[in-house]
Amino acid sequence: MKSKVIIAAIFFSGIYMNAQEKPKTDSAATKNIEAVTITKQVFKKESDRFVYDVAASPVAKGNTAFNILKQTPLVSSTDDKTLKIIGKNNAVIFINGRKTNMDAESLTQFLKNTPAENIQKIEVITLPGSEYQVESSDGIINIVLKKKMTDGLNGNMRMGNSQSYYNSSYAGLSLNYRKDKLGISSNINTSQNIQEQYYILRNGNDKSSNQSEGRVSDPNKNLGGYLNIDYQLNDNSNLALTYNSWANKSNGSTSNLFNTVKSMNAGQQETNYNYTKNLENARSYNNSLNLNYEWKTDSLGSKVNLNAAYLNYKRFQNADNITYGSDAFQNLGNKMIQISQSTPQVINNFSFLGDYIKKFKNDFTVSAGGNFNKTKTDNDTKSSTSIFDQDGNLAELFDGQGNKIDNPKLAPNHFIYDENIYGLYLTLEKKFSDKFSGKIGSRYEITNSVGTSDNPTTPALGRIERDYNNFLPYVSLNYAINDKNNISYAFSSRMRRPSFWELNPVKNILTDVNYTQNNPFVKASSVYTNEFTYMFKNSYFLIFNHSLSKDVITQVPLQREVVKDGVTTKELRYIRTNFGDKQEMSLMLGMQKNFFKQYLTTNFNIGVQRNVNNGFLNTDPLTGDVFPDYVNRIKSNSLLIQTNNTIRLDKKKTWFLGVNYWYVDNQQIEIGYLKSLMSLDTNIKKVWNDWTFTLEIYDLLKTNKVVITDQQENGNFNYINQNQYNQSVNFSITYNFGNKKVKKIRDIDSADKDIKNRTR
């Protein structure tokens with residue numbers, strides 16, 4: 001239930017290796033991804049990235065792209081939905097050098113249905129250069145896929161079944177075809193599942209408080225795929241067309257929360273009960289098209305890259321939230337409140353990206369380019385609130401702005417957001433010797449945006465203009481001391497723009513006194529990052545990262561006492577807003593190595609992270625309502641551990657055992673104190689000719705549960721306990737067929753890659 005299950009996004013935006021929320025970007029990209037080279041070094045450091053050679057690793061066969069990414073050094077997932085890089089706020093996924101054009105949920109399903117056998121290598125770029133317009137402290141994971149070398153057809157089929165709280169299934173088919181100058185690759189996959197969660201939410205003080213406890217069930221049916229067509233016009237030029245599509249249907253999502261309300265009435269504390277039931281129907285569609293032209297201008301590798309892209313995202317969502325009277329035994333009484341909402345969102349984006357990379361004979365490269373993104377977001381929201389008397393009869397009716405109305409027609413609040421982004425970049429890269437290389441660059445971005453509402457709650461919401469310019473420098477140095485030792489340093493400055501759904505001024509309701517509030521006044525935040533890396537023998541690495549974020553975008557829990565019918569009770573609003581500054585420092589020691597003649601492959605990371613928060617809020621930016629101060633000036637240190645191990649059980653390389661573990665220590669995030677998380681996962685895999693059979697068990701010890709506590713000096717407390725039933729058993733079958741000869745694939749940068757994550 002996408003609009004209601006927001007709590008997960010609240011904290012997972014701040015967890016793991018820089019606080020791990022939320023699918024839904026980066027612009028003028030022209031990074032020339034290096035050609036695929038098969039090497040015995042499974043993991044190595046290049047000038048500005050780490051390279052994991054999946055094709056040379058024993059863990060790929062029969063696996064999925066998502067599972068391989070979780071086992072890639074420096075990469076992790078604590079919720080089996082989002083991927084993180086050490087010291088980074090988010091991992092932006094690129095495929096063959098271009099950003100994927102799917103929202104976060106679609107991308108997760110896509111990666112879980114893409115066979116790992118299709119992958120040649122994975123590149124982890126912890127601090128991207130100026131040629132990438134990534135948001136805030138995002139890192140990049142570039143997946144380089146294989147491509148057929150000879151004419152013919154090959155592919156693979158994959159199907160699987162997973163048992164968690166409910167049963168789920170998935171299937172996918174991938175095909176690759178080549179004939180002379182024409183290359184075609186495609187994939188279609190489908191899945192269905194029911195995501196079950198159990199919540200305990202408490203807030204208040206010693207006088208008045210609310211507790212909501214119950215289940216959230218979200219059924220999903222997914223269908224998606226892609227089509228890539230690449231045609232070689234002549235020896236120096238290529239034309240490519242890429243189409244991505246994803247559809248999700250989520251009808252019958254429900255939340256059932258039993259509420260215990262402690263309040264003050266005439267100086268005496270009393271306890272009342274009610275029950276909130278929510279029914280939501282939603283469907284979403286994501287379609288994108290990218291046309292690429294590449295012209296190689298000389299034999300040194302200089303080239304011109306031109307991209308034009310179109311992205312269309314649609315989401316339709318309707319919900320009825322009804323609160324009934326109840327007794328302590330959860331026996332339902334009459335209706336008390338009914339809140340009806342229609343919250344659709346339509347996003348249209350047109351993007352253009354042009355790059356020129358000039359290579360000189362003295363190992364000097366100049367990259368220059370520009371981009372233009374035009375986005376229109378249409379949010380035609382309608383809502384109404386009905387108040388019932390003690391007998392269950394309609395007493396009062398209000399629109400979404402709190403104005404009393406005479407009939408139950410949903411009141412509109414049509415919010416349209418127009419945004420134009422212009423970007424230019426210049427990057428100079430020089431290899432001074434076999435040991436020393438460096439890169440320096442900068443981006444200059446101009447952002448113009450206007451948000452308008454036809455039925456604003458305040459005049460300020462009628463028209464909101466945001467215009468700002470940003471100069472974003474970047475520098476990177478890499479020194480190979482000798483064959484065994486390598487050190488590098490990089491500095492980057494970035495912007496973090498709010499996602500489009502964060503700007504849509506609507507409420508996502510759990511109960512009538514517990515909801516989240518988006519905010520069109522949210523402004524972009526700034527992030528400054530320093531990173532030092534040391535690598536030994538292409539197997540051991542040490543990374544120190546420091547980032548400073550200004551005007552952090554997050555959700556802040558504001559709560560206050562309100563009086564209803566003479567009874568004092570608590571109201572809780574999670575306000576999406578800018579919330580002060582934050583510093584994050586991490587020191588990570590890692591290893592990627594084979595032991596015992598490749599019978600054991602180990603990826604191990606251990607480190608510490610320090611979070612320093614400095615935030616203050618006491619006013620709802622939309623309504624102007626004043627709350628008791630919410631303050632977070634707490635510092636915390638936490639331990640981080642991740643290890644992925646693959647054991648080969650026989651000489652013929654047909655049986656494999658996997659044992660994976662991660663641990664995130666207690667740490668302070670923006671909305672409170674996150675208690676420790678961990679998960680032990682295991683799997684066994686059998687390879688038989690072209691068939692692969694895999695059995696996996698996730699969260700073996702049932703320890704991956706989220707608990708957040710927050711105690712303010714004014715006496716207010718907030719508590720979140722979320723069980724996502726992460727323990728699951730998964731069985732999959734993969735079949736590979738056809739001509740399997742491969743070569744490197746041409747790299748293509750999509751023009752709209754800077755918009756992608758903002759649809760999350």
Side-chain angles (χ1 to χ4, degrees), residues 2-3 6 9 21-27 101 103-104 133 135-136 284-288 309-317 341-351 371-383 400-401 411-423 445-470 495-508 516-525 551 553-555 575-578 621-623 752-760:
K2 280 67 176 181
S3 67
I6 354 182
E21 214 59 57
K22 192 281 59 226
K24 254 145 81 302
T25 334
D26 358 281
S27 116
N101 294 321
D103 59 89
Q133 191 201 350
E135 294 286 322
S136 61
S284 62
Y285 308 92
N286 188 310
N287 292 279
S288 62
Y310 174 70
L311 168 68
N312 176 256
Y313 173 84
K314 296 180 179 180
R315 179 167 180 79
F316 304 99
Q317 187 168 299
Q341 285 189 310
S342 173
T343 53
Q345 184 174 63
V346 179
I347 300 173
N348 285 287
N349 167 262
F350 174 78
S351 306
N371 69 285
F372 170 69
N373 282 291
K374 182 177 182 60
T375 306
K376 181 176 181 179
T377 303
D378 192 317
N379 312 275
D380 193 6
T381 301
K382 298 178 176 65
S383 63
Q401 283 69 44
N413 181 20
H414 197 176
F415 181 74
I416 295 177
Y417 179 76
D418 287 292
E419 179 184 82
N420 294 323
I421 301 175
Y422 310 85
E445 295 180 356
I446 301 172
T447 304
N448 305 126
S449 66
V450 177
T452 59
S453 176
D454 66 353
N455 191 17
T457 55
T458 64
L461 277 172
R463 183 177 178 86
I464 303 168
E465 296 189 37
R466 285 275 190 268
D467 296 324
Y468 48 90
N469 304 333
N470 302 103
M495 304 299 296
R496 194 295 215 190
R497 295 180 177 86
S499 299
F500 296 118
W501 64 266
E502 293 175 303
L503 296 169
N504 185 15
V506 299
K507 298 177 182 178
N508 294 313
T516 65
Q517 173 68 66
N518 295 332
N519 179 8
F521 296 108
V522 174
K523 61 181 180 180
S525 61
D551 297 316
I553 302 174
T554 189
Q555 281 183 328
I575 306 294
R576 178 68 59 174
T577 190
N578 298 102
L622 268 73
T623 65
D752 59 354
K753 60 190 179 132
D754 60 325
I755 295 300
K756 194 72 277 342
N757 271 8
R758 297 177 65 199
T759 64
R760 291 182 302 170

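FYI, the numbering just counts along the sequence from 1. Only a predicted model underlies this, so the values are computations on that prediction, with no experimental measurement involved.
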Please assess L311 against N286 for the test side-chain contact (heavy atoms from CB on, under 4.5 Å), listing each intermediate value before the final yes or no. CA-CA 8 Å; L311 168 68; N286 188 310; 3.6 Å; yes
[atom1]-[atom2] distance between [X] and [Y], expressed to the nearest 0.5 angstrom:
X	Y	atom1	atom2	value
N312	S288	CG	OG	9.5 Å
S499	N504	OG	CG	12.0 Å
Y422	N469	OH	CG	11.5 Å
T447	K523	OG1	NZ	14.0 Å
I416	D454	CD1	CG	8.0 Å

Sequence neighbours excluded, which residues qualify as side chain to side chain donor-acceptor pair (under 3.5 Å) partners of N470?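 Once residues adjacent in sequence are excluded, N470 has no partner under the side chain to side chain donor-acceptor pair (under 3.5 Å) criterion.
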At their closest point, which heavy atom of [X] faces which heavy atom of [Y], and how far apart are they?
X	Y	result
H414	D378	NE2-OD1, 2.7 Å
T577	P621	OG1-CG, 4.2 Å
Q345	T377	NE2-CG2, 3.6 Å
R497	I553	C-CD1, 4.2 Å
L622	N519	CD1-OD1, 3.2 Å
Y468	A524	OH-CB, 3.6 Å

Is any side-chain heavy atom of N508 closer than 4.5 Å to a side-chain heavy atom of N518?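 Yes. Closest side-chain heavy atoms under 4.5 Å.
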Do Y417 and T375 come within less than 4.5 Å of each other through their side chains, counting heavy atoms only?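 Heavy-atom side-chain distance check fails, nothing below 4.5 Å.
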Do F350 and Y310 make the cut of ring centroids closer than 6.0 angstrom?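 Here the rings of Y310 and F350 have centres that are no less than 6.0 Å from each other.
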Do we see a donor-acceptor contact under 3.5 Å between the side chains of S351 and N349?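 The answer is yes; a qualifying pair exists.
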Do side-chain atoms of [X] reach the backbone of [Y] as a donor and acceptor pair under 3.5 angstrom?
X	Y	result
N379	F415	yes
R576	P520	no
S342	K382	no

For side-chain contact (heavy atoms from CB on, under 4.5 Å), just list the numbers for K507 and Q341, CA-CA rounded to whole Å, side-chain angles, deciding distance to a tenth of an Å, and then say yes or no. CA-CA 9 Å; K507 298 177 182 178; Q341 285 189 310; 4.3 Å; yes
Can you tell me which residue among K376, R315, K314 is in a side chain to side chain contact (heavy atoms under 4.5 Å, CB included) with V346?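 The option that passes is K314.
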